[in-house]
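Heavy atoms only: backbone and side chains are in, while hydrogens, waters and symmetry mates are out.
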Amino acid sequence: MSRAETIDWLPLFPPLHGRSLEAVTRNLEQMSEHLHGPKAPSMHMLWNNLTHYLKGPTNAALIEAGHNVAKRIDQGIGAGEGNGYHNAVHFKEVLVCAAALVRISAWQGRSLSAREQAILLFSAMAHDYDHDGGKNGMTPLRLENSSLRGIAGDLKRHNVDKATSDAVHLMVRSTDVSRSPDYVNTLKAGGRMPVPEGYGALAPLGDIKNKRIAELAAMLRDADILLAAGITGHTAKVSKAKLGAEWNKVLDYKDHLGLLNFVVSQPDGLGGRNIGFASEAGKFFNPNIAVVTHSLAQLLRPAPAGVKLQS
């Protein structure tokens with residue numbers, strides 16, 4: 001398969017230089033629509049196209065493991081079939097968003113190595129493998145550990161080295177949003193806070209030797225929520241409807257603002273919170289999130305006395 005053949009179906013990213021927030025946002029919205037459409041690529045095609053240039057002695061095992069996982073997802077295995085939101089389309093969206101953040105990192109002068117890209121893309125594809133449509137509830141990392149069990153055989157079969165496997169485990173577990181967002185963001189920033197009960201497996205993200213993995217984990221978490229958070233109104237609306245269907249409830253503006261305040265934010269160290277994404281590449285989209293947050297706050301303000309709101 002030639003390079004031209006592998007990329008001709010991909011919606012084009014804007015050029016690395018002169019990229020505007022508006023252009024990238026519009027691009028991702030078009031990608032999301034493409035992935036929901038009748039001509040969407042298979043997961044295996046998507047994986048092959050996004051990793052074909054990463055092949056090399058340090059990445060070969062992980063990329064081959066990824067081929068296996070992608071083929072099973074295309075067969076409906078581990079693909080969250082029946083889930084309204086956490087299904088193969090979401091896996092593909094997160095994979096594409098992760099690839100976008102890789103490009104943005106390069107544009108910012110923070111290029112990822114081929115190995116780092118392979119780890120990020122593999123974790124993006126596998127992070128919700130075997131998702132059952134539920135929540136973690138009172139069992140910390142229940143869904144994340146389930147995903148890791150589902151792909152454990154692939155990592156072992158292809159002799160993925162321990163350091164790479166450990167990085168994937170840390171990253172997938174970091175996508176938990178039950179009680180861990182503040183903890184993992186604090187570790188990434190080099191700070192300390194008490195370990196939430198049951199989340200000790202995430203503690204290595206605070207080790208200086210894992211500083212790069214912590215940044216990759218932040219990129220993965222941003223890729224996971226980028227479209228649902230609302231960098232475009234259309235993708236946020238679609239995501240909210242699908243997640244509500246999965247949870248059998250109607251998610252309103254208040255729910256969306258709660259998502260932003262809890263997941264798309266970090267403690268500011270002064271008792272408050274900063275709304276925005278965690279990774280350096282993800283911060284590219286912070287102006288969009290600021291607009292969304294302000295708009296939601298305005299919509300939820302009580303109407304002045306005597307003023308009738310339009311339905």
Side-chain angles (χ1 to χ4, degrees), residues 1-36 40-41 43 45-56 58-59 62-63 66 70 89-127 167-168 171 174-175 188 212-232 234-235 264 276-289:
M1 182 178 289
S2 71
R3 183 174 178 82
E5 290 174 331
T6 62
I7 65 172
D8 61 3
W9 67 268
L10 281 169
L12 298 177
F13 285 97
L16 281 179
H17 300 288
R19 178 188 282 127
S20 71
L21 176 60
E22 180 182 5
V24 177
T25 300
R26 184 172 62 252
N27 223 219
L28 284 177
E29 185 172 77
Q30 292 171 347
M31 288 183 183
S32 176
E33 291 175 350
H34 180 58
L35 293 174
H36 281 85
M43 179 62 86
M45 180 182 288
L46 188 60
W47 175 253
N48 189 63
N49 291 341
L50 292 176
T51 63
H52 73 279
Y53 61 95
L54 299 177
K55 292 176 181 177
T58 61
N59 302 320
L62 187 61
I63 290 174
V89 177
H90 171 65
F91 304 173
K92 293 175 186 178
E93 285 186 321
V94 178
L95 184 55
V96 166
C97 285
L101 293 178
V102 168
R103 297 293 298 276
I104 290 169
S105 289
W107 180 50
Q108 293 172 331
R110 302 184 180 90
S111 295
L112 275 63
S113 69
R115 177 178 180 271
E116 290 171 338
Q117 291 181 54
I119 290 172
L120 174 61
L121 295 178
F122 182 89
S123 300
M125 177 173 63
H127 79 290
V168 169
M171 291 177 63
S174 80
T175 60
K188 174 190 174 292
R212 286 295 294 172
I213 298 302
E215 178 62 24
L216 293 179
M219 291 177 70
L220 174 61
R221 287 182 286 117
D222 288 347
D224 190 16
I225 59 177
L226 204 60
L227 297 179
I231 60 164
T232 83
H234 173 72
T235 57
V264 196
F277 292 103
S279 69
E280 296 306 311
K283 290 174 183 175
F284 179 82
F285 296 100
N286 279 358
N288 298 53
I289 293 302

Rounded to the nearest 0.5 Å, what separation is found between the NE2 atom of His234 and the CG atom of Leu227?
10.0 Å

Please check if any side-chain donor atom of Glu93 sits under 3.5 Å from a side-chain acceptor atom of Ser32, or the reverse.
yes

Non-hydrogen atoms of Ile225 and Val264 that approach each other most closely:
CD1-CG2, 3.6 Å

If I take atom CZ from residue Arg26 and atom CG from residue Leu21, how far apart are they, to the nearest 0.5 angstrom?
10.5 Å

May I ask you to decide if Leu54's main-chain N or O and Thr51's side chain share a donor-acceptor pair within less than 3.5 Å?
no

Which atom pair, heavy atoms only, marks the closest approach of Ile63 to Trp47?
O-NE1, 3.2 Å

Within this structure, what is the CZ-CG distance for the pair Phe284 and Leu226, rounded to the nearest 0.5 Å?
10.5 Å

For Ile231 and Asn288, work out which heavy atoms get closest and say how close.
O-ND2, 2.9 Å

Evaluation steps, side-chain contact (heavy atoms from CB on, under 4.5 Å), between Met171 and Met219
CA-CA 9 Å; Met171 291 177 63; Met219 291 177 70; over 6 Å; no

Among Val168, Leu120, Leu121, side-chain contact (heavy atoms from CB on, under 4.5 Å) partner for Leu220
Leu120

Contacts of Ala223 meeting side-chain contact (heavy atoms from CB on, under 4.5 Å) (sequence neighbours excluded), chain-then-number -> Val94, Cys97, Ala98, Leu101

Hey, is CD on Glu22 packed in by over 12 heavy atoms from elsewhere, all under 6.0 Å?
no

Test Gln117 against Phe122 for side-chain contact (heavy atoms from CB on, under 4.5 Å), laying out the working first.
CA-CA 8 Å; Gln117 291 181 54; Phe122 182 89; over 6 Å; no

Among residues at least two apart in sequence or on other chains, which ones pass side-chain contact (heavy atoms from CB on, under 4.5 Å) with Ala167?
Ile119, Ile213

The criterion is side-chain hydrogen bond (donor to acceptor under 3.5 Å, both in side chains); which residues satisfy it with Arg110, sequence neighbours excluded?
Gln108

Between His127 and Ala124, is there a donor-acceptor pair closer than 3.5 Å when you use the side chain of the first and the backbone of the second?
yes

If every non-hydrogen atom of Pro41 is compared with every non-hydrogen atom of Lys92, which pair is closest and at what distance?
O-NZ, 2.7 Å

Quick check: closest heavy atoms across Asn286 and Gly276, and the distance to 0.1 Å?
OD1-CA, 3.2 Å

Set of residues satisfying side-chain contact (heavy atoms from CB on, under 4.5 Å) with respect to Ser113, sequence neighbours excluded
Arg115, Glu116

Side-chain heavy atoms of Leu28 within contact of Thr235, under 4.5 Å:
no

Not counting sequence neighbours, which residues clear salt bridge (Lys or Arg N to Asp or Glu O under 4.0 Å) with Glu215? List them please.
Lys188

Let me confirm one number: the NZ-CD1 distance from Lys283 to Ile104, rounded to the nearest 0.5 Å.
13.5 Å

Shortest non-hydrogen separation from Phe277 to Ala229 and the atoms involved:
CZ-CB, 4.1 Å

Which pairs pass salt bridge (charged side-chain N to carboxylate O under 4.0 Å, His left out) with one or both residues in residues 217-232, sequence neighbours excluded?
none

